[in-house]
Amino acid sequence: MKKLIALMLSAMLMLMSFSAVAAEKLVVGTNAEFPPFEYIGDDGTIQGFDADLIAAIMGKIGQEFEMNNMEFGSLVFALQNGQLDMVIAGMTISEERKQYVIFSDPYFEATQKILVQEGSATKAAQDITADMTIGVQEGTTGDMYATDNLPAKVERYNKALDAVLDLKNGRLDAVMVDAAPSEYLAKNVGGVVVLEENLSEEQYGIAMKKEDTQLQEKVNVALKELVESGEYDALYAKYFSVIESEAK
Ligand code: GLN
């Protein structure tokens, strides 16, 4: 009898610790310097398309989470060393990153854009020369594109905003950033414009630890449901309809 009670007790304890694991908050990393995908709102919290999307996905999965704001260049490493469980940061799915992490299905199409001062003679990537300096956010696909494909000297910043401010005050000749954030930054900073040319074809994905294939599956199912229910479109309209109608 004693044995049976001990057995039941240990079974109960095991069950309790299992449910404790399931209820544990997941830590989602981002870099809240990338409007409209992620930025710090007036109330000091992380807001934006990605913040809303991850909240909707976690709602569907029934998983509690908290956001952790860090430098973009640290996100993949923080996933690898267990500091983070997921990353949503307008992060492009790339072969290089896939060596270290796994991605959800794509949730957004993106491209790289060049920003210049208003009235600049630079109208396209081909006008960029070796004596110019182009600003990028360190560790981004814009950094990689500029480094690999443009003759200009590449100046790396922690924040794309700081690069755009340096472009405005003449310390840079151009800046390379993803399309949607470049429109936001140009509008907020003023005096700079986004060139029309699209320089890459990229897709954003939510990154997870290599071993978290079950979580990846749940995220993909939730994403699909959000698209099918129209919730994804509502979110898109919330953050992008304004920019698009202004660009026309
Ligand atoms: N999409 C780019 C990348 O993945 C930039 C992302 C960002 O700056 N948040 O590198």
Show the numbers, then the answer: is there a side chain to side chain contact (heavy atoms under 4.5 Å, CB included) between L215 and M86? CA-CA 10 Å; L215 181 62; M86 296 170 101; 4.0 Å; yes
Taking CG in D42 as the centre, count heavy atoms belonging to other residues, nucleotides or ligands within less than 6.0 Å. Is the count above 12? no
Main-chain N/O of T111 paired with S200 side-chain donor or acceptor, under 3.5 Å: no
Evaluate the side-chain proximity of M58 to L26: yes if any heavy-atom separation is below 4.5 Å, no if none is. yes
Under 4.5 Å between any side-chain heavy atoms of Y145 and M176, yes or no? yes
Between S104 and L223, does the side chain to side chain contact (heavy atoms under 4.5 Å, CB included) criterion hold? Intermediate values first, please. CA-CA 9 Å; S104 68; L223 250 178; 4.1 Å; yes
Would you mind reporting whether Q63 and D85 have side-chain heavy atoms less than 4.5 Å apart? no
Closest approach of Y232 and V227, non-hydrogen atoms and distance? CB-CA, 3.8 Å
In terms of side-chain geometry, is the basic nitrogen of K113 or D178 positioned less than 4.0 Å from the acidic oxygen of its partner? no
Any chance NZ of K210 has more than 12 other-residue heavy atoms, nucleotides or ligands included, within less than 6.0 Å? yes
May I ask you to decide if K123's main-chain N or O and D127's side chain share a donor-acceptor pair within less than 3.5 Å? yes
Sub-4.5 Å side-chain heavy-atom contact between E66 and V28: no
Would the distance check show the side chain of Q117 and the main-chain N or O of L167 forming a donor-acceptor pair, the cut-off being under 3.5 Å? yes
Within this structure, what is the CD1-NZ distance for the pair I61 and K218, rounded to the nearest 0.5 Å? 6.5 Å
Got a donor-acceptor contact below 3.5 angstrom from the R97 side chain to the T92 backbone? yes
Restricting to non-hydrogen atoms, name the atom on I206 and the atom on V219 that form the minimum distance, rounded to 0.1 Å. CD1-CG1, 4.0 Å
Between M70 and A78 the two heavy atoms that sit nearest each other are SD-CB, 3.7 Å
Let me know which of L161, N31, D162 forms a side chain to side chain contact (heavy atoms under 4.5 Å, CB included) with Q137. N31
Within the side chain of K60, is there an N or O that forms a donor-acceptor pair under 3.5 Å with the backbone of A55? no
Answer yes or no: is there an ion pair linking K153 with E155, defined by an N-O contact shorter than 4.0 Å? yes
Main-chain N/O of F103 paired with Q216 side-chain donor or acceptor, under 3.5 Å: yes
Tell me, do V116 and V192 make a side-chain contact under 4.5 Å, heavy atoms counted? no
Show, in sequence, the C-alpha distance, side-chain angles and deciding distance for L79 and L75, and conclude whether the side chain to side chain contact (heavy atoms under 4.5 Å, CB included) test is met. CA-CA 6 Å; L79 257 184; L75 290 168; over 6 Å; no
Which atoms form the tightest heavy-atom contact between M91 and A207, and what is the distance? SD-CB, 4.2 Å
Kindly indicate whether the side chain of N69, heavy atoms from C-beta on, has any atom under 4.5 Å from the side chain of I40. yes
For the backbone of T133 and the side chain of D173, can you confirm whether one donor and one acceptor N or O come within less than 3.5 Å of each other? yes
Hey, does the side chain of K209 reach the backbone of Q80 with a donor-acceptor pair shorter than 3.5 angstrom? no
Hey, does Q112 have a side-chain heavy atom less than 4.5 Å from the side chain of E201? no
Derivation and outcome, side chain to side chain contact (heavy atoms under 4.5 Å, CB included), residues M67 and I54: CA-CA 10 Å; M67 297 290 281; I54 198 73; 4.1 Å; yes
How long is the straight-line distance from CD of E38 back to CG of D52, given to the nearest 0.5 Å? 11.0 Å
Quickly, which of F240, Y204, Y184 forms a ring-ring contact (aromatic ring centres under 6.0 Å, His included) with F49? Name it, please. F240
More than 12 non-hydrogen atoms from neighbouring residues, nucleotides or ligands closer than 6.0 Å to CD on Q99, yes or no? yes
Strictly by modelled atom types, are T45 and Q47 linked by a side-chain donor-acceptor pair under 3.5 Å? yes
So among Y239, F108, F72, which one has a ring-ring contact (aromatic ring centres under 6.0 Å, His included) with F37? F108
Taking every heavy atom of A51 against every heavy atom of I46, the minimum-distance pair comes out as CB-O, 3.8 Å
N/O donor-acceptor pair under 3.5 Å between D143 side chain and V136 backbone: no
With a 4.5 Å heavy-atom cut-off, do T30 and N68 have their side chains touching? no
